[in-house]
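Since the structure comes first, as structure tokens, the remarks are kept for the end.
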Amino acid sequence: GQQVMQIPQYQHVQEGEDFTTYCNSSTTLSNIQWYKQRPGGHPVFLIQLVKSGEVKKQKRLTFQFGEAKKNSSLHITATQTTDVGTYFCAGHNAGNMLTFGGGTRLMVKP
Amino acid sequence: GAVVSQHPSWVICKSGTSVKIECRSLDFQATTMFWYRQFPKQSLMLMATSNEGSKATYEQGVEKDKFLINHASLTLSTLTVTSAHPEDSSFYICSVPNYYEQYFGPGTRLTVT
């Protein structure tokens, strides 16, 4: 079945450093979504990418969808302590099944 | 404000008892709701798709007789964990799709002693 993998699993950064998490799917995706889950909270939708090679920005966050629509990345510029949490990618395949990646836990040292 | 609510937010029960978790869509009707389980420091695993007016669709490996789902109305789905065991202790989250977004409930933390 479809598998979605994320790396790294954990990332410690110093406040102000950049951070990137990568998402790879075993199958071609119709779209990719990103969620953020704060410690003790529930996942919150951040964005959806649909087009091959698409790049979207939300303030310090940059989301990218690969040309082959099998990978994606989330880059955070100049991290802040408020960025702490686990970032999940989730992809829809042709059968409209949404599969979540394992998540990347971001910890930011002030 | 909250789009999806869950009740209870946490519950402790004894092994062998059953626990019912409610998921309510507050802002829009939902013919479909999803139930996920999340173990500590792990990703969300889809358990089942709740369908209003018909039977739920369970993912492979999820026992439908143990995790009873009832989509009672267009705004309410319930998940009942029957004969709970300590290994069922987890964070159960429902979500409601609206167009391409999924709105997650706040989750229910179940601890089985």
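Chain letters run A, B, ... following the sequence lines, proteins first, then strands; residues in each count from 1.
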Tell me whether the count of non-hydrogen atoms from other residues, nucleotides or ligands lying under 6.0 Å of [atom1] in [X] goes above 12.
{"X": "A:Glu17", "atom1": "CD", "answer": "yes"}
{"X": "B:Lys20", "atom1": "NZ", "answer": "no"}
{"X": "B:His85", "atom1": "NE2", "answer": "yes"}

Which atoms of [X] come close to chain A, meaning under 4.5 Å heavy atom to heavy atom: side chain ones, backbone ones, both, or neither?
{"X": "B:Gln60", "answer": "neither"}
{"X": "B:Gln6", "answer": "neither"}
{"X": "B:Gln42", "answer": "backbone"}
{"X": "B:Phe91", "answer": "side chain"}
{"X": "B:Phe34", "answer": "neither"}
{"X": "B:Ile93", "answer": "side chain"}

Flag yes if [X] and [Y] sit in one hydrophobic cluster, no otherwise; membership is Ile, Leu, Val, Met, Phe, Trp, Tyr, and two members link when side-chain heavy atoms are under 4.5 Å apart.
{"X": "A:Phe63", "Y": "A:Tyr22", "answer": "no"}
{"X": "A:Met107", "Y": "A:Phe19", "answer": "no"}
{"X": "B:Met33", "Y": "B:Val3", "answer": "yes"}
{"X": "B:Val112", "Y": "B:Met45", "answer": "no"}
{"X": "B:Leu76", "Y": "B:Trp35", "answer": "no"}

Would you say B:Ser43's side chain and A:Gly103's backbone share a donor-acceptor pair under 3.5 angstrom?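 No; zero donor-acceptor contacts below 3.5 Å.
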Using non-hydrogen atoms and a 4.5 Å limit, figure out which bit of A:Phe88 sits close to chain B: side chain, backbone, both or neither.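 A:Phe88 touches chain B through side-chain heavy atoms alone.
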Neighbourhood of chain B inside residues 32-48 of chain A, taking heavy atoms under 4.5 Å as contact: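 Against chain B, the residues of residues 32-48 of chain A that fall inside the cut-off (heavy atoms, under 4.5 Å) are A:Gln33, A:Tyr35, A:Gln37, A:Gly41, A:His42, A:Pro43, A:Phe45, A:Gln48.
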Which residues in residues 64-75 of chain B have any heavy atom closer than 4.5 Å to a heavy atom of chain A?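 Not one residue of residues 64-75 of chain B has a heavy atom under 4.5 Å from chain A.
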